[in-house]
Asks: 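Encoded as structure tokens, here's the structure I'll be asking about.
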Amino acid sequence: MKTIDDLQVAGKRVFVRADLNVPLDGTGITDDGRIRAVAPTIAKLAERGAKVIVASHLGRPEGAPDPAFSLAPAAVRLGEILGKDVAFATDTVGESAAAAVAGLADGQVVVLENLRFNAGETSKDDAERGAFADRLAALADLYVGDGFGAVHRKHASVYDLPRRLPHAAGDLIATEVGVLKKLTEDVKRPYVVALGGAKVSDKLAVIDQLLEKADRILVGGGMAYTFLKAKGHEVGISLLQEDQVPACLEYLARAEKRGVEFVLPVDVLVSSEFPDLKTKAPANPDIVAADAIPADKEGLDIGPKTRELYAAKLADAGTVFWNGPMGVFEHPDYAGGTKAVAKGLLDSPAFTVVGGGDSAAAVRLLGFDENAFGHISTGGGASLEYLEGKTLPGLAALED
């Protein structure tokens with residue numbers, strides 16, 4: 001895979017497929033981690049005299065313009081991070097984009113409006129997607145893929161466009177791939193995986209692969225309750241995917257057979273009401289054993305004994321991969337489990353990887369130093385699919 005160091009970019013129009021898919025509260029950005037992650041690639045290209053065209057998606061608009069998903073706030077924040085003016089085109093392949101690109105001088109940057117305002121970006125029809133990619137290609141001379149959070153999508157700007165232009169991987173993607181190879185090809189043991197998040201169905205495929213590679217798997221978050229149900233425990237009104245209980249039983253049996261420690265919560269924080277995440281009003285949860293959740297209560301975080309247990313399981317690790325919070329970390333009364341796992345990673349001598357998505361957001365929200373972790377991924381879904389052994393369209397397009 002070529003990198004941007006292999007490209008001659010001076011005076012060239014360079015299309016950078018970034019991931020500026022940041023959370024917004026109205027027009028305010030609540031977490032700019034993805035913008036900061038791609039900024040060094042954009043800065044390097046600009047410093048080398050490229051005319052930089054930055055494109056991304058944001059949210060899930062229905063193939064048409066929607067002001068709620070505009071990239072304008074991201075463009076402003078990118079300019080602040082770069083310390084230079086960044087132009088903004090109010091469309092992607094229309095008159096505004098054409099004029100903005102035509103007006104770029106060497107070293108200048110423009111951000112195009114949300115790619116998903118165009119139905120061709122996400123179309124499953126190859127011809128429709130290809131036609132949109134043709135219009136994007138007309139804007140540029142070279143393509144740089146640096147939106148790792150989107151490389152598992154077969155979208156026009158991710159998969160079709162690099163097949164139409166000379167291309168290379170940006171520094172962010174090169175770093176992400178290098179880190180993931182350490183989790184699949186050159187693993188220092190013990191290899192411990194901490195998995196959380198809401199739905200066990202989102203993690204089954206990666207668990208299937210990790211049972212062949214990991215030494216320990218620690219489970220928390222909403223997904224833990226389906227595993228607890230599989231062990232015959234009452235889970236009350238906790239998040240439960242009843243249809244996944246047989247799969248959980250199978251994985252627990254496989255783990256035992258292979259000698260993989262599969263560690264579930266021993267206690268949990270429960271309440272009869274989901275917390276108010278806007279007001280952050282005190283929730284006053286109860287602590288109960290994981291096999292004694294009341295029928296009218298919901299598990300919302302791992303308990304103090306589980307936090308100690310998981311910290312101990314991380315203490316001697318050689319490699320740790322963490323994907324998914326341990327509870328409703330957005331509320332202070334249910335952030336303790338996620339904090340404990342994050343601190344466990346920091347206290348461990350291991351090479352630590354935070355697998356993007358909510359885990360990365362939690363690290364920042366809870367005030368941890370991002371630089372203290374081995375790597376914080378910008379793509380939760382992409383990281384999981386890579387570890388599942390899937391071919392990621394955006395990486396495949398950069399290889400050839």
Side-chain angles (χ1 to χ4, degrees), residues 1-9 12-21 34 37-38 40-42 44-45 50-58 60 63 92-93 97 101 111-112 114-181 184-185 205 356 377-400:
M1 185 185 295
K2 288 183 179 178
T3 69
I4 55 176
D5 295 330
D6 298 314
L7 297 178
Q8 298 296 321
V9 302
K12 299 291 182 69
R13 300 170 301 165
V14 181
F15 188 104
V16 178
R17 200 337 179 157
D19 181 6
L20 309 180
N21 184 28
R34 284 175 169 160
V38 76
T41 291
I42 295 167
K44 180 188 284 190
L45 291 168
K51 301 171 181 179
V52 186
I53 307 158
V54 182
S56 176
H57 69 287
L58 191 151
R60 297 179 181 271
T92 307
V93 290
V101 172
V111 174
L112 306 182
N114 194 333
L115 287 159
R116 291 185 183 174
F117 286 179
N118 305 268
E121 168 67 4
T122 60
S123 175
K124 302 214 182 298
D125 182 83
D126 290 349
E128 183 180 12
R129 214 176 52 246
F132 181 55
D134 287 339
R135 297 183 70 187
L136 292 173
L139 296 172
D141 305 304
L142 303 170
Y143 175 92
V144 170
D146 216 29
F148 182 73
V151 294
H152 57 317
R153 307 295 187 192
K154 193 177 182 181
H155 291 170
S157 65
V158 176
Y159 176 75
D160 301 272
L161 183 55
R163 302 171 77 190
R164 286 159 166 77
L165 293 171
H167 51 263
D171 288 348
L172 176 59
I173 277 187
T175 297
E176 294 272 14
V177 172
V179 167
L180 289 171
K181 285 184 176 178
T184 54
E185 299 174 9
S377 179
T378 55
S383 295
L384 289 177
E385 291 198 17
Y386 188 99
L387 294 179
E388 289 167 24
K390 290 183 178 179
T391 297
L392 306 188
L395 296 184
L398 294 174
E399 290 283 3
D400 56 347

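Counting begins at 1 with the first residue of the sequence.
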Asks: In chain order, what residues pass the side-chain hydrogen bond (donor to acceptor under 3.5 Å, both in side chains) check against Arg135, with sequence neighbours excluded?
Replies: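 Arg135 satisfies side-chain hydrogen bond (donor to acceptor under 3.5 Å, both in side chains) with no residue once adjacent residues are dropped.
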Asks: Does the Asp146 side chain pair with the main chain of Ala18, one donor and one acceptor, at a distance under 3.5 Å?
Replies: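 Checking the backbone N and O of Ala18 against the side chain of Asp146, no donor-acceptor pair under 3.5 Å is found.
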Asks: Going by the rule salt bridge (Lys or Arg N to Asp or Glu O under 4.0 Å), which residues pair with Arg116 if we only count those two or more places apart in sequence or in a different chain?
Replies: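 Residues passing salt bridge (Lys or Arg N to Asp or Glu O under 4.0 Å) with Arg116: none at all.
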Asks: Can you sort out the partners of Glu128 under side-chain hydrogen bond (donor to acceptor under 3.5 Å, both in side chains), two or more places apart, ordered by chain and number?
Replies: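 Counting only residues at least two positions away or on another chain, Glu128 forms a side-chain hydrogen bond (donor to acceptor under 3.5 Å, both in side chains) with Ser123.
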Asks: Evaluate side-chain contact (heavy atoms from CB on, under 4.5 Å) for Thr184 paired with Leu387, printing each intermediate quantity in order.
Replies: CA-CA 7 Å; Thr184 54; Leu387 294 179; 3.6 Å; yes
Asks: Hey, are the side chains of Leu58 and Leu20 touching, using non-hydrogen atoms and a 4.5 Å cut-off?
Replies: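 With C-beta onward as the side chain, the pair stays apart.
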Asks: For Asp19, give me all partners under side-chain contact (heavy atoms from CB on, under 4.5 Å), at least two apart in sequence or on another chain.
Replies: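 Only Asn21, Arg34, Ser56, His57 meet the side-chain contact (heavy atoms from CB on, under 4.5 Å) criterion with Asp19.
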Asks: How many angstroms lie between atom CG of Asp125 and atom CZ of Phe132, to the nearest 0.5 angstrom?
Replies: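 CZ of Phe132 is found 14.5 Å from CG of Asp125.
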Asks: Hey, does Leu136 have a side-chain heavy atom less than 4.5 Å from the side chain of Val93?
Replies: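 Yes, side chains in contact.
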Asks: Enumerate the side chain to side chain donor-acceptor pair (under 3.5 Å) contacts for residues 164-173, please, sequence neighbours excluded, ordered by first and then second residue.
Replies: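 Listed by first then second residue: Lys44-Asp171, Asp134-Arg164.
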Asks: What pairs with Tyr159 under side-chain hydrogen bond (donor to acceptor under 3.5 Å, both in side chains), at least two apart in sequence or on another chain?
Replies: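 If we apply the side-chain hydrogen bond (donor to acceptor under 3.5 Å, both in side chains) test to Tyr159, skipping adjacent residues, the hits are Arg163.
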Asks: Sequence neighbours left out, what pairs pass salt bridge (Lys or Arg N to Asp or Glu O under 4.0 Å) with at least one residue falling in residues 380-391?
Replies: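 Every salt bridge (Lys or Arg N to Asp or Glu O under 4.0 Å) pair that includes a residue of residues 380-391, provided the two are not neighbours, is Glu388-Lys390.
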Asks: Can you name the residues that form a side-chain hydrogen bond (donor to acceptor under 3.5 Å, both in side chains) with Thr92, not counting sequence neighbours?
Replies: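 Partners of Thr92 by the side-chain hydrogen bond (donor to acceptor under 3.5 Å, both in side chains) criterion, ordered by chain and then number, come out as Asn118.
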Asks: Can you tell me how far the CG atom of Leu7 sits from the CG atom of Leu142, to the nearest 0.5 Å?
Replies: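 Reported value, rounded in 0.5 Å steps: 5.5 Å.
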Asks: Pairs under 3.5 angstrom only: tabulate donor-acceptor contacts from the side chains of residues 150-158 to other protein residues two or more places apart or in another chain.
Replies:
from, atom 1, to, atom 2, distance (Å)
Ser157, OG, Arg17, NE, 2.9
Ser157, OG, Glu121, OE1, 3.3
Ser157, OG, Glu121, OE2, 2.7

Asks: Looking at residues at least two apart in the chain, or sitting in another chain, which of them share a side-chain contact (heavy atoms from CB on, under 4.5 Å) with Ala55?
Replies: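 Residues passing side-chain contact (heavy atoms from CB on, under 4.5 Å) with Ala55: Phe15, Leu112, Leu115.
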